Amino acid sequence: MKIRSPWLMRGAASLAGSAMFVAPLLVLLALWAIVVPLFEVNPRVFPSVGAVSGAALDAIRDGTLIAHVGASLLRVGLGTLIGVVTAVPLGIAMGVSPTVAAFLTPLFRFFSVLAGIAWIPIATLWFGYGFGAIVFVIFNAVFFVVTYNTLLGVQTIPHTLRNAAASLGAGRWAMLTEVLLPGALPNIVTGIRTGLGFAWRGLIAAEMIATNVGLGYMLFVARDFYRTEVIVFGMIVIGVLWLLIDRLVLVRIERATIERWGMVRRA
């Protein structure tokens with residue numbers, strides 16, 4: 001009878017999951033390497049794998065890649081942090097007070113459609129071209145989504161649970177930290193994940209217009225010089241960064257909250 005270590009089984013499952021995740025990307029890379037030279041595609045239309053690899057090495061050597069990635073991550077991180085810190089308390093307040101929720105919910109539904117890219121023109125008028133305008137666009141993309149999801153999370157908490165906590169002597173702080181916030185946390189995490197996706201797209205669009213450094217700016221400048229290899233490399237960097245953020249940060253936060261509170265079970 002063989003005894004298998006739970007740690008080894010989890011490691012094998014994780015390795016298998018990673019392999020399944022990477023496999024489609026490798027297939028796409030193989031098709032790219034075959035199709036472009038086979039059909040002799042014009043480099044101005046779409047570059048070869050070698051040309052993109054060369055652009056990647058150049059960007060790493062001269063330090064421009066680090067500068068662009070660093071600027072983009074700083075903006076999206078700060079904008080998301082401000083959005084979450086301001087959205088969660090407001091969402092909880094709306095969930096606790098039906099009057100506040102009834103008054104603000106139509107406004108949030110309205111602005112949630114406009115959140116992100118639609119604010120770029122007016123953001124540049126308010127903050128000028130640069131850091132402030134881009135952070136505001138990211139904040140806007142995150143704030144409304146997280147607030148609305150927090151509201152939904154609080155509303156899903158049974159009133160019997162709140163009443164039971166109150167009857168046991170829970171004050172406002174205990175009610176907030178031990179009932180409302182934990183109960184709404186799965187929805188909050190979902191809102192952060194959704195909002196960050198909108199924020200990432202808004203970041204790239206804003207950087208094409210409102211700054212002189214960042215991944216979006218890198219794509220915009222490369223287009224002016226018909227450097228499709230730089231454009232494709234920038235697109236790959238954007239996609240890889242989002243995958244890393246999603247897999248290494250968001251998925252782990254989701255597991256620590258949603259799975260902990262019994263919403264789903266770990267496979």
Side-chain angles (χ1 to χ4, degrees), residues 75-127 132-203 206 249-250 253-264:
R75 290 162 182 156
V76 77
L78 182 59
T80 301
L81 178 63
I82 297 173
V84 172
V85 168
T86 54
V88 171
L90 181 58
I92 292 176
M94 292 171 64
V96 171
S97 173
T99 303
V100 176
F103 179 77
L104 291 179
T105 296
L107 294 176
F108 273 84
R109 288 179 177 173
F110 174 80
F111 282 109
S112 63
V113 178
L114 302 175
I117 299 175
W119 285 88
I120 295 176
I122 199 168
T124 56
L125 292 177
W126 288 353
F127 300 98
I134 298 173
V135 170
F136 176 78
V137 170
I138 296 167
F139 157 80
N140 210 284
V142 173
F143 175 75
F144 293 103
V145 178
V146 174
T147 303
Y148 193 66
N149 275 270
T150 304
L151 165 64
L152 294 178
V154 174
Q155 289 179 337
T156 58
I157 301 173
H159 284 280
T160 54
L161 184 59
R162 302 189 204 177
N163 295 335
S167 65
L168 292 173
R172 291 185 177 180
W173 180 250
M175 182 70 74
L176 172 64
T177 58
E178 298 180 20
V179 178
L180 298 178
L181 191 57
L185 206 52
N187 289 78
I188 294 173
V189 172
T190 300
I192 293 173
R193 193 172 193 178
T194 304
L196 192 54
F198 292 145
W200 193 249
R201 291 189 288 271
L203 166 77
V249 179
L250 298 178
I253 294 175
E254 193 173 59
R255 286 176 178 172
T257 54
I258 296 178
E259 290 181 355
R260 177 182 176 184
W261 294 101
M263 300 294 290
V264 297

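Small disclaimer: the values here were computed from a predicted structure and weren't measured.
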Student: Determine whether Leu203 and Trp200 make a side-chain contact, defined as any pair of heavy atoms from C-beta on separated by less than 4.5 Å.
Tutor: yes

Student: Can you tell me how far apart CD1 (Ile157) and CG (Leu181) are? Round to the nearest 0.5 Å.
Tutor: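 It comes to 8.5 Å.
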
Student: How far apart are the closest heavy atoms of Ala184 and Gly153, and which atoms are they?
Tutor: CB-C, 3.7 Å

Student: CZ of Phe108: more than 12 outside heavy atoms within 6.0 angstrom?
Tutor: yes

Student: Where does the angle between the aromatic ring planes of Phe136 and Trp126 fall among parallel (under 30°), tilted (30 to 60°) and perpendicular (over 60°)?
Tutor: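 Judged by the thresholds at 30° and 60°, the geometry between Phe136 and Trp126 is perpendicular.
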
Student: Could you tell me if the side chain of Phe198 sits less than 4.5 Å from the side chain of Ile117, heavy atoms only?
Tutor: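 They are not in side-chain contact.
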
Student: Enter the distance from Arg201:CZ to Ile138:CD1 here, rounded to the nearest 0.5 Å.
Tutor: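 Reported value, rounded in 0.5 Å steps: 13.0 Å.
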
Student: Heavy atoms only: give me the nearest Val145-Ala141 pair and the separation to one decimal.
Tutor: CG2-O, 3.6 Å

Student: Show, in sequence, the C-alpha distance, side-chain angles and deciding distance for Phe139 and Trp119, and conclude whether the side chain to side chain contact (heavy atoms under 4.5 Å, CB included) test is met.
Tutor: CA-CA 11 Å; Phe139 157 80; Trp119 285 88; over 6 Å; no

Student: Let me check something: any side-chain donor-acceptor pairs from residues 169-176 under 3.5 Å, sequence neighbours excluded? List them with distances.
Tutor:
none

Student: Does Thr80 reach the main-chain N or O of Gly77 with its side chain, forming a donor-acceptor pair under 3.5 Å?
Tutor: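 Flag not set: sc Thr80 to bb Gly77 has no pair under 3.5 Å.
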
Student: With a 3.5 Å distance limit and no angle check, can you tell me whether Ser97 reaches the backbone of Met94 through a side-chain donor-acceptor pair?
Tutor: no

Student: Return the CZ to OH distance between Phe143 and Tyr148, rounded to the nearest 0.5 Å.
Tutor: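 The CZ atom of Phe143 sits 14.5 Å away from the OH atom of Tyr148.
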
Student: Kindly give the heavy-atom pair with the smallest separation between Pro186 and Pro182, and that separation in Å.
Tutor: CD-O, 3.7 Å

Student: Specify the closest pair of heavy atoms between Ala133 and Ala123, including all atoms of both residues, with the distance to one decimal.
Tutor: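 Looking at all heavy atoms of both residues, the closest pair is CB-O, 3.7 Å.
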
Student: About how many Å separate CZ of Phe127 and CD1 of Ile122, when rounded to the nearest 0.5 Å?
Tutor: 10.0 Å

Student: Within the side chain of Thr194, is there an N or O that forms a donor-acceptor pair under 3.5 Å with the backbone of Gly191?
Tutor: no

Student: Rounded to the nearest 0.5 Å, what separates atom CG in Asn187 from atom CD1 in Ile192?
Tutor: 11.0 Å

Student: Looking only at heavy atoms, which two atoms of Ile82 and Thr86 are closest? And how far apart?
Tutor: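 It is O-OG1, 2.8 Å.
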
Student: For the atom pair CD1 (Ile92) and OG1 (Thr150), what is the distance rounded to the nearest 0.5 Å?
Tutor: 6.5 Å

Student: Assess the residue pair Thr147 and Leu151 against the criterion (side chain to side chain contact (heavy atoms under 4.5 Å, CB included)); give the C-alpha distance rounded to whole Å, side-chain angles, the decisive distance to 0.1 Å, and a yes or no.
Tutor: CA-CA 6 Å; Thr147 303; Leu151 165 64; 5.8 Å; no

Student: Run the side-chain hydrogen bond (donor to acceptor under 3.5 Å, both in side chains) test against Asn149 and tell me which residues pass, sequence neighbours left out.
Tutor: none

